[in-house]
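Input: a single structure, listed below in structure tokens.
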There are 2 protein chains.
Amino acid sequence: MSGADLWSLYRSFLAVMREGSLSRAAALLDLSQPTLGRHVEALEQALGGALLFTRHPRGLMPTENAHAILPHIEAMDAAADAALRAASAPASSLSGVVRIAASEVVGAEVLPGILAPLREAHPGLVFELALSSRAADLLRRDCDIAVRMVRPTQGSLVAVKAGTVKVALYAHRLYAARHGLPRTPDDLGAHALIGFDRADPFLARAAGALKLDRAMFALRVDNDLAALAALRAGFGIGACQQPIAARDADLLPVLPRVVAFDMEIWIVMHGALKRVARMAAVFDHLARQMRAYARGHSPERAG
Amino acid sequence: MSGADLWSLYRSFLAVMREGSLSRAAALLDLSQPTLGRHVEALEQALGGALLFTRHPRGLMPTENAHAILPHIEAMDAAADAALRAASAPASSLSGVVRIAASEVVGAEVLPGILAPLREAHPGLVFELALSSRAADLLRRDCDIAVRMVRPTQGSLVAVKAGTVKVALYAHRLYAARHGLPRTPDDLGAHALIGFDRADPFLARAAGALKLDRAMFALRVDNDLAALAALRAGFGIGACQQPIAARDADLLPVLPRVVAFDMEIWIVMHGALKRVARMAAVFDHLARQMRAYARGHSPERAG
DNA sequence: AGTCTGATATCCATATATGAATGTCAGGCG
DNA sequence: CGCCTGACATTCATATATGGATATCAGACT
């Protein structure tokens, strides 16, 4: 193997880390098990003889050294995927793949209506949505464009603020008919509150301001979409972005002006991607339409 | 070449982009020119037949498609380098390579005194300093640990605030003896001001607050170290971090309490690097010693 | 205890990528 | 005008990585 190309060895290493065995890694890469074994061996030698795996009858156990380089190799993988997306169509054409990261709620409730007309205008466009409750990793190139709720500070990122969206409390008309609505924040304790199991920056702020704690929530979900569904189903009182709630006449504001938080919306991408026509086009479109969304225009009517 | 490993083709592509010709790229990678030619050809085919270079009698001219994927491949390269650093010594040992990004001033005036004792204690440590006036790219893994002046927002980064440092105006005693010192901000216009040619966030703020513009600077340098040297040489009045100026009894404060800005100091690294013993050790050491620096303790006496 | 399973190591014929030498081409320069 | 230079393309013998078959091993299960 001599001084064989380290990069391809990294790729094999990553496959072995993910699959846990040479055989499965071989199947993943469409290579053979002996080849993967040789790659791992060669990599260990190229890295100064460091042991990467302890050979086990049930597979290969990664050592601490393997864990140390893994995040970097994963970053390489994400960048390689990004390169594939960038090369999915000529850079100057308005077609090809664009991967967008956003929160689950934005991805499910807002983006479809925004992206559909763009797709109609440019049928060659292919969208990938990376929806995650936690901020997706633009820095690792896991996506091309991100819809964020905090201003990015990294210098090489291009960011546009699309406006601010109010997050407030709502309840379905049916729930209000059965239980009434609170008149003061202190009344909230007597109601069925839809909360969040995980630490959400906004909800945490809200909970702190209202002196709520987890025990007071009648429904705790680690999924914003499920919480939204529960709100619409009349389960109780929950938080919702104002423009989304405004679409549904059956959702009534709860304690408006008392409980409301401003959430910034930012569209972010790597500055270098401006050279790729479709990336720039999608970025501009997102910035424009998210701005309309923030102003309260329903995305279905936009574009 | 068939479905050969894309990752090694990327590496060849990067070399060709950097060198501008197959022959020089071959020399760089210790391969032959025909091999590089085949790699480029194979990559073009693997990427759906996209043209990456126009063959020119003086070399290969990258197409727009090549420019589109280049930043991603560079990110792969940075990650590969980071992996090499991570593998430069066993993960559990306090030896091996650590790459630190910082501003030129911090790298030249502060870090040496902080790193020296750590190196004495652990002779196996090897430091790489990436000093750059613009924020170095932690997100691209161009370094392992960064000393920053803004709080990072990316979730996967570990950040510790080491305190705040005052940036204020100073002048050398000799300059003061010859020209006196201003008593009010308006007096500044009559003095030799050492300014900065580029856009510096802090200096921009300072200039705005003092109603200075570029034309008023008697010396414009795009290099903080040269500006510091000019200040020490008695050229005129310039900005300097207070703990650095305090070391030199000949540097006199100018308009203290009138012109001063607080600069935050953050130590940042990727969270995953905490697993690597030397990374965690250097991170903790930097956080501790930079905190001492921010409190005014000279790093030479620290540690 | 015996057997079965799923894993890694070993071996050798083969497919494949590689490199040295050579051919080809376009522009610079005397 | 013609040589020289530095580039890419082509060719073919060689070195090298690959894959299939096989051996081996440790634990799970009956």
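A note on names: the letters A, B, ... follow the listed sequences, proteins ahead of strands, and every chain is numbered from 1.
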Notebook entry, point to check: Under 3.5 Å, side chain of B:Arg99 to main-chain N/O of B:Asp142, donor-acceptor pair present?
Noted result: yes

Margin query: With side-chain contact (heavy atoms from CB on, under 4.5 Å) as the test, pick out the partner of B:Met269 among B:Ile145, B:Leu286, B:Val160.
Written below: B:Ile145

Note to self: Between C1' on D:dT5 and CZ on B:Arg58, what's the gap in Å once rounded to a whole number?
What the structure shows: 9 Å

Next item on the list: Rounded to the nearest angstrom, tell me the gap between atom NE2 in B:His56 and atom P in D:dT5.
Entry: 22 Å

Check: For the side chain of B:Thr35, counting heavy atoms from C-beta on, which of C:dT8, C:dT18, D:dT18 is nearest?
Finding: C:dT18

Check: Please give, in whole Å, the distance from C:dA9 C1' to A:Phe53 CZ?
Finding: 16 Å

Note to self: From C-beta outward on A:Leu60, which listed nucleotide comes closest to its side chain: C:dT8, C:dG19, C:dT10?
What the structure shows: C:dT8

Notebook entry, point to check: Rounded to whole angstrom units, what separation is found between the CG atom of B:Asp5 and the C1' atom of D:dT16?
Noted result: 16 Å

Item checked: Whole angstrom value for the distance that separates P of D:dA9 from CD of B:Glu41 -> 8 Å

Checklist line | B:Val97 backbone acceptor or donor facing B:Ser88 side chain under 3.5 Å | finding: yes

Checklist line | Whole-Å gap separating P (C:dT8) and CG (A:Leu51) | finding: 15 Å

Notebook entry, point to check: Heavy atoms under 4.0 Å, any strand shown: does A:Ser23 hit a base, just sugar-phosphate, or nothing?
Noted result: base

Next item on the list: State which of D:dA7, C:dT18, D:dA9 makes the closest approach to the side chain of B:His39.
Entry: C:dT18

Item checked: Charged N-O contact under 4.0 Å between A:Glu74 and B:Arg141 -> no

Next item on the list: Test for a donor-acceptor pair under 3.5 Å between the base of D:dG19 and the side chain of A:Arg38, counting only N and O atoms.
Entry: yes

Check: From D:dA9, C:dT8, C:dG19, pick the nucleotide closest to the side chain of B:Gln33?
Finding: D:dA9

Next item on the list: When you get a sec, tell me which of C:dA7, D:dG20, D:dT11 is the closest nucleotide to the side chain of A:Arg24?
Entry: C:dA7

Next item on the list: Starting from P on D:dA17, measure out to CG on A:Leu29 and report it in whole angstrom.
Entry: 17 Å

Next item on the list: For the pair B:Asp77 and B:Arg18, find out whether any cationic side-chain nitrogen is under 4.0 Å from an anionic carboxylate oxygen.
Entry: yes

Check: Could you state the CG-P distance from A:Leu31 to C:dA17, rounded to the nearest angstrom?
Finding: 12 Å

Next item on the list: Measure from the side chain of A:Arg55, starting at C-beta and using heavy atoms only, and say which of C:dG28, D:dG19, C:dA9 lies closest.
Entry: C:dA9

Note to self: Students often get this wrong, so: under 4.0 angstrom with heavy atoms, is A:Gly37 touching a base, only sugar-phosphate, or nothing?
What the structure shows: nothing

Item checked: Residue A:Leu22, side-chain heavy atoms: nucleotide from D:dG20, C:dA21, C:dT8 that is nearest -> C:dT8

